There are 2 protein chains.
Amino acid sequence: MQQVAELAGVSTALVSLVMRDAPNVSDYRRQLVLAAADELGYRPNVLARNLASRRTQTIGVVLNDLHNPFFAEILDGLQAAADESDYRLLIGNGSHSQLGEERSVETFLQFRADGLVIAGSMLSDDLLERTSRTAPIVVVGRTSSSKVFDTANTDDQVGARLVIDHLVALGHQRIAHIDGGRGAGVIERRAGYRTAMRAHGLGEHIHVVRGDFTEAGGRKAAQTLMQHDRRPTAIFAGNDLSAVGALDIVENLGFDVPGDVSIVGYDNTALAAMHHVSLTTINQPTEELGRAAIGLLLERLDGDRTKATHHVAEPELIRRSTSGSPPAS
Amino acid sequence: MQQVAELAGVSTALVSLVMRDAPNVSDYRRQLVLAAADELGYRPNVLARNLASRRTQTIGVVLNDLHNPFFAEILDGLQAAADESDYRLLIGNGSHSQLGEERSVETFLQFRADGLVIAGSMLSDDLLERTSRTAPIVVVGRTSSSKVFDTANTDDQVGARLVIDHLVALGHQRIAHIDGGRGAGVIERRAGYRTAMRAHGLGEHIHVVRGDFTEAGGRKAAQTLMQHDRRPTAIFAGNDLSAVGALDIVENLGFDVPGDVSIVGYDNTALAAMHHVSLTTINQPTEELGRAAIGLLLERLDGDRTKATHHVAEPELIRRSTSGSPPAS
DNA sequence: AATGTGTATTAGAGCGCTCTAATGTAAGAA
DNA sequence: TTCTTACATTAGAGCGCTCTAATACACATT
């Protein structure tokens with residue numbers, strides 16, 4: 001920077017002003033500085049800049065599982081909104097584990113990201129609240145009544161009810177649920193499932209098997225379900241990934257989908273939309289969620305909102321080929 | 001840091017030593033400092049640390065397309081290797097575009113990442129070479145004979161040959177290829193396809209349609225292919241994603257796979273392995289590639305290798321259900 | 001006792017910027 | 001002319017660490 005200043009014959013302060021194109025710099029000097037910077041191949045050191053200005057213009061995004069297309073879709077919304085607001089996004093890999101998420105969060109905090117978006121978090125509310133004392137955070141895809149941090153998610157209870165209503169309307173009674181273990185939205189989806197089942201007078205058929213939001217998990221859970229003596233005629237999987245795994249096993253075991261068993265997922269990822277899969281599922285408006293998350297963050301960063309806000313989007317049933325009437329039997 | 005030093009009754013220098021657990025610190029003081037740090041909830045500022053030490057212990061990873069599971073799989077290898085070497089990974093989203101990749105690279109350079117891994121890059125060798133003057137970079141999934149930066153990739157020419165050999169052995173002659181536009185490995189796979197076709201005396205049947213490594217691209221290309229007056233009996237798609245798109249369309253048009261048309265992908269992603277898809281494809285050892293990339297980077301960072309090294313892994317044909325003999329006709 | 005060796009600790013000069021407060025300068029108002 | 005006001009520029013004090021060189025001290029060696 002000093003070299004640039006010398007070459008341009010100005011002070012380093014002026015170089016600084018030019019580099020972050022501040023107002024009140026004469027055109028003449030601006031050109032001088034830019035030319036000098038170009039000639040020397042000068043590139044501002046963000047570390048120093050951030051250290052001095054105490055802000056990084058960077059938002060850290062922790063994605064729970066890069067293998068799940070849902071998170072790639074959320075990221076699209078985040079990226080679009082961030083681009084518009086002149087913030088840059090850095091992504092941390094949660095590795096589908098609590099430890100992985102914690103590490104990513106820690107890295108971002110140490111790099112002094114201005115804010116964090118945590119998608120599909122497995123972290124406890126308590127930890128998240130403590131974290132948000134250091135930097136504002138928005139949790140995506142998970143409900144929370146926290147008074148401290150913001151959230152952007154779909155109403156999963158409603159989503160689960162949509163699934164059950166749909167299956168019941170088709171005539172199903174023995175509807176099982178594969179949950180998502182410690183994943184995001186698990187509690188609400190499961191509660192929604194239970195409530196809806198009872199509302200339809202099917203309380204006795206409630207059957208929950210543990211999954212983990214992965215394909216392998218869905219596979220294993222479906223195996224358990226289909227070996228059960230009163231096997232279900234419909235399976236509501238906690239997300240698309242596990243639904244696909246379940247689909248696989250069910251057909252492998254010789255059952256027809258949806259002739260013998262209906263399968264419904266959750267998230268409406270590209271996976272579900274694939275013609276070969278054509279999974280009935282619940283849509284989450286990922287673009288909206290991503291944009292909302294950035295919006296909430298910016299409100300905290302620019303303005304001075306301190307009250308926690310929870311953006312809730314509407315889920316929507318997407319009917320495809322994996323759901324139909326139960327076998328006559 | 002000063003507060004910690006005061007509370008512990010030592011100098012800031014000693015606090016610094018303790019925080020990066022350097023040797024030659026007495027146990028007694030170490031405990032004092034750690035206790036003080038804990039009490040104050042002190043967390044070192046990486047920005048300042050990096051500014052002062054001129055290294056960040058961070059490797060920037062630019063992933064071309066988060067929607068493509070191939071990159072998630074590469075990342076697994078990178079993450080594992082980075083964890084072992086005490087480096088942290090930060091991910092940049094290439095947004096499947098050149099501009100997106102450039103932006104991510106720029107961000108990482110400004111944050112002074114110690115090194116970069118660029119997976120599936122659409123950037124020019126020239127730009128990459130210039131970039132590698134600032135920080136060492138390893139390009140994954142793309143061949144290059146650069147004398148400046150390192151690469152880790154599969155031998156795509158061989159991979160393409162495996163595909164063609166397989167299809168020819170099944171009896172196919174009219175084998176078309178959907179390429180990947182400006183994506184990584186495109187040139188080699190296409191060249192491998194052409195060479196192998198000629199080697200089998202099928203030069204006249206060479207037929208390349210442009211794709212872009214996305215599902216939509218594969219879909220569109222397949223549409224074109226199947227409407228051709230001499231439509232192919234086999235399609236070699238440049239990657240799994242486009243193969244899946246092609247698969248969709250081909251079946252939608254009423255053709256049987258593999259009865260009427262065989263389809264082969266590339267990458268052996270989880271997508272291809274899905275029972276519903278069961279795509280014949282070429283395996284790339286993603287774990288090996290990821291580890292190799294980090295390894296090459298560390299050699300540059302720790303040691304002082306300056307000569308470009310190119311790690312080449314072996315591709316392998318994975319036979320599944322989308323390839324079979326051509327129709328008798 | 002003098003000297004050497006190794007370990008533990010610290011002062012203080014950077015790292016490369018930003019930002020506040022001060023200074024300079026030109027044009028319009030009183 | 002003198003005073004305002006607005007704009008343009010700069011000096012220099014941090015930001016929160018690391019790292020070199022210096023210092024202090026205990027212990028072993030001659």
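Please read all numbers here as calculations on a predicted model, not as lab measurements. In what follows, every chain begins at residue 1, and chains take the letters A, B, ... in the order their sequences are listed. Any value given below was found using the heavy atoms of this structure, including those in side chains, with hydrogens, waters and symmetry copies removed.
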*For side-chain contact (heavy atoms from CB on, under 4.5 Å), just list the numbers for B:Phe111 and A:Thr58, CA-CA rounded to whole Å, side-chain angles, deciding distance to a tenth of an Å, and then say yes or no.*
CA-CA 11 Å; B:Phe111 269 97; A:Thr58 302; 3.4 Å; yes
*Test item: A:Arg300 and A:Asp150 side chains (from C-beta on) under 4.5 Å apart, heavy atoms*: yes
*A:Val46 near the nucleic acid: base, sugar-phosphate alone, or nothing, with a heavy-atom cut-off under 4.0 Å?*
nothing
*In the 5'-to-3' direction, what one-character label does each nucleotide of nucleotides 13-27 of chain D receive under the scheme B = base within less than 4.0 Å of a protein heavy atom, S = sugar-phosphate only, - = no such atom?*
-BBBBBB--------
*Determine whether B:Asn64 and B:Phe71 make a side-chain contact, defined as any pair of heavy atoms from C-beta on separated by less than 4.5 Å.*
yes
*Tell me the side-chain hydrogen bond (donor to acceptor under 3.5 Å, both in side chains) pairs involving residues 2-26 of chain A, sequence neighbours left out?*
A:Ser16-A:Arg20
_In this structure, how many angstroms lie between the P atom of D:dA8 and the CG atom of A:Leu32, rounded?_
15 Å
_Taking 4.0 Å as the cut-off, does a side-chain nitrogen or oxygen of B:Arg29 come that near to OP1 or OP2 on C:dA8?_
no
*Calculate the interatomic distance between B:Asn24 atom CG and C:dT9 atom C1'; express it in whole Å.*
11 Å
*Take the protein atom CD of A:Gln31 and the nucleotide atom P of D:dT9, then report the distance between them rounded to whole Å.*
12 Å
*Stepwise side-chain contact (heavy atoms from CB on, under 4.5 Å) check, A:Glu101 with A:Leu63*: CA-CA 8 Å; A:Glu101 288 191 351; A:Leu63 298 181; over 6 Å; no
*Is B:Val10 touching bases, backbone alone, or none of the nucleic acid, heavy atoms closer than 4.0 Å?*
sugar-phosphate
*Do the side chain of B:Arg54 and the main chain of B:Ala52 share a donor and acceptor less than 3.5 angstrom apart?*
yes
